[in-house]
Amino acid sequence: MQGSTRRMGVMTDVHRRFLQLLMTHGVLEEWDVKRLQKHCYKVHDRNATVEKLEDFINNINSVLESLYIEIKKGVTEDDGRPIYALVNLATTSISKMASDFAENELDLFRKALELIIDSETGFASSTNILNLVDQLKGKKMRKKEAEHVLQKFVQNKWLIEKEGEFTLHGRAILEMEQYIRETYPDAVKVCNICHSLLIQGQSCDTCGIRMHLPCVAKYFQSNSEPHCPHCNDYWPHEIPEVFDPEKERDAGISKSSKKSSRSRQH
Amino acid sequence: MDRRNDYDYKMSPLQSKHLNGDERSGVNYRWIPWGRRPPLPRDVAILQERANKLVKYLLVKDQTKIPIKRSDMLKDVIQEYDEYFPEIIERASYALEKMFRVNLKEIDKQSSLYILISIQESSAGILGTTKDTPKLGLLMVILSVIFMNGNKANEAVIWEVLRKLGLRPGVRHSLFGEVRKLITDEFVKQKYLEYKRVPNSRPPEYEFFWGLRSYHETSKMKVLKFACKVQKKDPKDWAAQYREAVEMEVQAAAVAVAEAEARAEVYFPCLQIPPMNCSSPSHGAKVHPWNLCPHNSLSRYYQSAEGNTL
């Protein structure tokens with residue numbers, strides 16, 4: 001700030017309330033974030049025009065800069081929904097993830113993380129994770145207890161569970177991408193399109209390059225004959241649809257009533 | 001013009017509030033008392049850096065709701081700058097208020113324990129519930145039982161009430177886990193409740209009291225209103241409790257005013273604040289922890305209870 005050339009934004013009570021509520025929820029989808037922003041204006045400054053979300057967040061981030069944290073925007077890997085979370089700019093190691101986890105619980109997360117990164121699909125089965133329970137650091141943990149701990153991770157939005165298998169929540173990816181890339185440089189997979197960390201995605205059968213599902217959707221949008229961008233071979237997988245927030249709102253689908261069997265990132 | 005975002009202000013540590021009235025008036029800065037060399041510009045940057053680290057540390061540690069020990073702060077963050085602890089913690093406190101609207105409160109002077117409390121009225125239910133909502137709802141019920149019972153309640157009484165909610169000791173609940181552990185261990189560690197043995201009881205009996213955090217995060221008035229809502233009564237129907245709740249509100253308001261004035265003096269030393277009655281015990285010194293600070297956690301549940309039935 002002394003001698004900094006960037007003009008620091010000004011935080012008002014609108015911004016503070018927003019920040020506090022975002023922190024409380026951990027991670028939010030864009031639609032909720034917009035609702036939250038409107039709510040904060042309503043509470044503190046009814047007559048002001050609601051700032052564009054991007055500028056609003058940049059404003060907050062410029063004030064948070066000195067703390068090396070920021071509100072980061074990401075995209076869910078399975079269906080391309082934009083999400084927002086407060087993350088550390090300095091590398092977040094697992095120990096900083098949250099302090100409500102004991103040493104053996106954090107080690108369980110670490111083991112699950114490694115299985116997820118090494119897997120072909122980006123998912124680690126509950127059985128495989130639980131089989132590692134004997135190798136955990138700290139207090140001895142029984143499998144039954146480990147099951148509860150895994151559920152705690154799901155509740156705290158670090159993991160997602162789908163049909164008995166676990167993968168990383170978008171929040172975990174946002175927060176820990178840098179740490180993961182630094183710690184597991186050989187095992188880590190990267191998207192051919194956006195070059196970010198890839199946990200779930202599609203891969204080319206011929207040359208092996210990978211792409212996020214939302215990246216596939218965007219890249220092959222309205223292309224009836226998709227070909228691998230790297231080796232030009234026919235792309236064998238189903239092309240997902242690009243996420244359209246308008247369509248979702250029009251269909252009147254509320255979060256809780258969506259019948260999709262897919263687990264949702266909330 | 002004071003730029004509040006610029007941390008390069010000369011600030012005295014909290015001790016100097018004991019300076020007498022003469023030194024206060026007409027002076028732009030509060031100087032650090034003799035015996036402590038003023039920090040060099042380079043040191044100020046380091047102090048600020050530690051304060052920033054402390055802010056993040058506190059935000060993460062507060063997630064568990066277990067009060068943070070000063071010794072942990074010193075060991076994990078402050079380290080070799082421990083003699084500057086008061087300044088560092090004041091800067092961290094300021095940043096927490098200005099950025100996150102949370103107050104850093106020392107709830108226990110003997111053991112130097114700190115908690116974070118939200119300053120603002122809660123935005124309950126704006127985005128539905130979080131994972132903490134059910135537990136806080138349960139806590140609210142227990143706090144109201146304790147208060148309506150004369151500020152303490154026997155364990156047996158509490159279980160009678162919980163049984164009506166379908167909760168039993170030793171039976172694992174999908175939302176709460178093992179309920180007995182939650183209310184006698186977790187809530188106690190988080191300072192929401194106190195769980196004490198009834199003196200001279202054989203076989204040993206235990207009773208519950210409000211914990212320090214509960215006094216900070218909610219108020220007797222709020223809890224009274226909650227109980228009334230559940231029982232569909234008017235707060236004035238319970239005359240003794242109502243009187244007590246009102247008295248607490250008055251006290252808390254006085255404390256809030258004193259605190260605000262003390263802070264204004266520290267952060268805006270150029271303002272001429274009309275000197276308070278210096279013999280007042282609350283002036284300048286760390287005020288009594290009881291404070292009418294509505295908190296996100298408990299009042300969030302309370303407010304969502306406004307809309308729905310329990």
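Predicted model only: the values in this text are computed from it and were never measured. Naming: A, B, ... by sequence-line order, numbering from 1 per chain.
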Nearest-0.5 Å distance that lies between atom [atom1] in [X] and atom [atom2] in [Y]:
X     : Y      : atom1 : atom2 : value
A:F18 : B:R101 : CZ    : CZ    : 16.0 Å
B:N52 : A:E65  : CG    : CD    : 11.5 Å
A:L64 : B:K56  : CG    : NZ    : 10.5 Å

Requested in this report: Count the heavy atoms of every other residue, nucleotide or ligand shown that sit under 6.0 Å from CD of B:E80, and state whether that count exceeds 12.
Outcome: yes
Report task. Might you confirm whether atom CZ of A:R181 has over 12 heavy atoms from other residues, nucleotides or ligands at distances under 6.0 Å? Result -> yes
Query raised in the report: What part of A:L67 lies closer than 4.5 angstrom to a heavy atom of chain B: side chain, backbone, both or neither?
Result: both
Query raised in the report: Can you name the closest pair of heavy atoms from A:M11 and B:M99 and give their distance?
Result: CE-O, 2.9 Å
Query - Set of side-chain contact (heavy atoms from CB on, under 4.5 Å) partners for B:I66, sequence neighbours left out - result: B:T64, B:K189, B:Q190
Requested in this report: Quick one: which of A:M23, A:H148, A:H15 has the most heavy-atom pairs under 4.5 Å with chain B, could you say?
Outcome: A:H148
